[in-house]
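Please read the structure below before turning to the comments.
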Amino acid sequence: SSSSSSSSRRNFSQKSTMSIRYDFKDKVVLVTGSSSGIGEGIAIHLSSLGANITITGRNVERLKRVGERCRQSSLSSSSSAKVLEIIGDVSKEEDAARLLNKTIETFGKLDVLVNNAGAYQIASIWDDNYMQNYDMMFHINVRSVVHLTKLAIPYLAKTHGNIVNVSSVSAQKPAANNTLYAMSKAAIDMFTKSMALELGPKHIRCNAINPAAIRTPIFNKVKNSDLNTDRMAEAAALSYPVGRIGEPLDCANAVAYLASDAASFINGVCLLVDGGSVNSALIMPEGDSKK
Ligand code: NDP
């Protein structure tokens with residue numbers, strides 16, 4: 001029996017080594033919120049890995065620019081992957097349906113759905129427009145994700161595909177004036193973990209990434225605040241264990257892994273992409289460790 005157990009160990013290691021593959025050739029990936037920031041980074045990176053990509057957002061000019069960068073990225077890695085640009089508001093049901101239908105019309109299938117589009121706003125419970133902010137963030141960050149996922153599931157079942165949601169460290173760590181955004185992302189974590197159970201038997205995996213501060217324009221869009229991306233980067237450099245803010249490519253690398261066949265046994269994971277920052281709120285004064 002010792003020889004049978006050693007041979008099964010050998011088989012096991014051989015299998016897992018052989019199945020590691022970050023190859024998206026002939027795969028079709030839909031990335032929401034890909035006209036900017038993290039979604040842009042994911043789209044460009046997956047194009048370089050050979051994926052056919054649908055990119056989408058509301059801003060025509062920015063989406064065109066990202067489309068060009070995806071095509072260049074695909075060319076420079078000698079892949080012949082295609083890029084489809086679709087203007088739309090993912091929070092509108094008819095736009096979400098069109099997004100999916102056009103993707104299927106063009107590429108014939110869907111392998112990966114990346115639910116990345118999202119909105120961020122600082123909001124205090126003392127604000128008069130608190131409930132407007134609630135509606136805005138829950139609509140785009142939660143409802144549109146659930147809706148697009150529901151539409152995509154029949155296609156993902158055919159390809160044994162997978163979903164990657166872009167959540168946030170905020171889902172796991174409360175902060176004053178960040179309640180609504182954090183609640184919306186906590187909903188995404190639970191959606192991710194629950195979908196992993198519900199869709200696993202249909203051969204659809206569902207995972208999430210939970211980024212800390214990433215250098216994107218999102219902080220410049222926050223209303224009634226002097227927060228901006230440069231200030232965020234400075235703060236991150238001081239307080240994050242790795243001494244820097246994250247970059248879109250940090251997220252794109254994590255998404256590429258989760259969406260690839262190399263992660264075929266990873267299901268229901270909410271992967272921190274945070275440079276260790278979630279666990280590092282307490283900064284000990286210098287010299288304390290010597291006591
Ligand atoms: P950006 O503001 O740079 O990009 C947001 C993207 O979402 C844009 O492409 C925007 O497109 C799109 N979008 C927003 N609302 C809608 C809508 N109603 N319909 C269609 N598209 C929409 O932000 P990030 O790249 O930073 O954020 C991407 C995701 O990452 C979000 O879910 C965010 O919560 C999350 N995140 C970001 C972190 C960060 O530090 N940057 C940290 C943790 C999570 P357009 O304007 O063209 O419509």
Side-chain angles (χ1 to χ4, degrees), residues 30-45 53-67 69-70 85-100 114-122 135-145 147-148 164-173 175 178 180-189 191-192 208-223 227-233 235-236 240 244-252 254-255 270-275 277-278:
L30 164 54
V31 186
T32 67
S34 32
S35 56
S36 170
I38 294 172
E40 170 178 358
I42 294 169
I44 292 169
H45 187 53
I53 301 257
T54 298
I55 58 171
T56 183
R58 294 160 302 181
N59 186 295
V60 183
E61 287 312 309
R62 283 204 306 265
L63 195 67
K64 256 194 205 158
R65 205 190 57 213
V66 175
R69 293 190 63 190
C70 287
E85 292 152 29
I86 303 175
I87 298 296
D89 181 336
V90 82
S91 68
K92 292 190 178 138
E93 290 200 355
E94 60 276 19
D95 284 19
R98 186 166 49 84
L99 186 57
L100 205 54
V114 182
N115 284 311
N116 164 78
Y120 174 71
Q121 178 59 45
I122 292 172
D135 288 340
M136 184 276 285
M137 273 186 279
F138 271 77
H139 198 109
I140 167 81
N141 295 354
V142 185
R143 194 182 193 285
S144 14
V145 171
H147 177 242
L148 191 61
V164 183
N165 295 321
V166 178
S167 179
S168 166
V169 290
S170 296
Q172 301 181 12
K173 190 168 180 169
N178 198 36
L180 297 177
Y181 178 76
M183 284 169 68
S184 75
K185 293 300 190 178
I188 289 304
D189 280 13
F191 184 58
T192 302
I209 61 164
N210 296 59
I214 306 295
R215 194 192 308 273
T216 77
I218 200 168
F219 303 108
N220 301 331
K221 299 174 187 169
V222 176
K223 291 183 199 107
L227 186 67
N228 62 51
T229 306
D230 289 341
R231 284 196 56 203
M232 211 56 198
Y240 285 18
R244 67 167 176 92
I245 199 170
E247 300 294 335
L249 185 59
D250 292 312
C251 296
V255 170
C270 295
L271 179 64
L272 287 170
V273 182
D274 76 329
S277 57
V278 157

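Everything quoted here is computed from the prediction, not taken from an experiment. All ligand and atom numbering here is 1-based and tracks the order in the structure.
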Considering non-hydrogen atoms only, spot the tightest contact between [X] and [Y] and give its length.
X	Y	value
Gly118	Ile140	CA-CG1, 3.9 Å
Glu85	Leu63	CB-CD2, 4.0 Å
Ser36	Arg62	CB-NE, 4.2 Å
Ile214	Pro248	CG2-N, 3.5 Å
Asn210	Cys270	OD1-CB, 3.3 Å
Thr54	Ser34	O-OG, 4.4 Å

Out of curiosity, [X] [atom1] to [Y] [atom2], how far, rounded to the nearest 0.5 Å?
X	Y	atom1	atom2	result
Thr56	Asp95	OG1	CG	8.0 Å
Ile218	Gln121	CD1	CD	10.0 Å
Asn220	Asp230	CG	CG	7.5 Å
His147	Ser91	NE2	OG	11.0 Å
Glu247	Ile245	CD	CD1	7.0 Å

Quick check: [X] and ligand 1, any N/O pair under 3.5 Å apart?
X	answer
Gly33	yes
Asp89	yes
Pro211	no

Who's the nearest protein heavy-atom neighbour of [atom], and how far?
atom	answer
atom 47 (O) of ligand 1	Ser35 OG, 2.7 Å
atom 3 (O) of ligand 1	Ser36 OG, 2.6 Å
atom 39 (C) of ligand 1	Ile214 N, 3.5 Å
atom 20 (C) of ligand 1	Val90 N, 3.4 Å
atom 31 (C) of ligand 1	Asn116 O, 3.2 Å
atom 26 (O) of ligand 1	Thr216 OG1, 2.5 Å
atom 2 (O) of ligand 1	Lys221 NZ, 2.5 Å
atom 48 (O) of ligand 1	Arg58 NE, 2.5 Å

How about [X] and [Y]: does a side-chain donor come under 3.5 Å of a side-chain acceptor?
X	Y	value
Asn115	Asn165	yes
Ser167	Asp189	yes
Asn116	Thr32	no
Ser35	Asn59	no

If you take the nearest heavy atom of each of [options], which one is closest to [atom]?
atom	options	result
atom 37 (C) of ligand 1	Asn115, Ile38, Thr229	Ile38
atom 5 (C) of ligand 1	Gly39, Gly118, Gly41	Gly118
atom 42 (C) of ligand 1	Ser170, Ala212, Ser34	Ala212

Sub-4.0 Å atoms of ligand 1 with respect to non-hydrogen atoms of [X]:
X	answer
Tyr181	33 (C), 34 (O), 35 (C), 36 (N), 43 (C), 44 (C)
Phe219	39 (C), 40 (O)
Ser91	18 (N)
Ala213	40 (O)
Arg62	45 (P), 46 (O), 47 (O)
Gly57	47 (O), 48 (O)
Gly37	3 (O), 25 (O)

So is [X] touching ligand 1 or not, going by heavy atoms under 4.0 Å?
X	value
Gly246	no
Ser167	yes
Ala119	no
Gly88	yes
His139	no

Region of Arg215 engaging ligand 1 - heavy atom pairs below 4.0 Å =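 For Arg215, no heavy atom sits under 4.0 Å from ligand 1.
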task = Please state which part of Lys185 comes within less than 4.0 Å of ligand 1, counting heavy atoms only: side chain, backbone, both or neither.
result =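 Side chain only.
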key: NZ (Lys221) with more than 12 external heavy atoms under 6.0 Å   =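 Yes.
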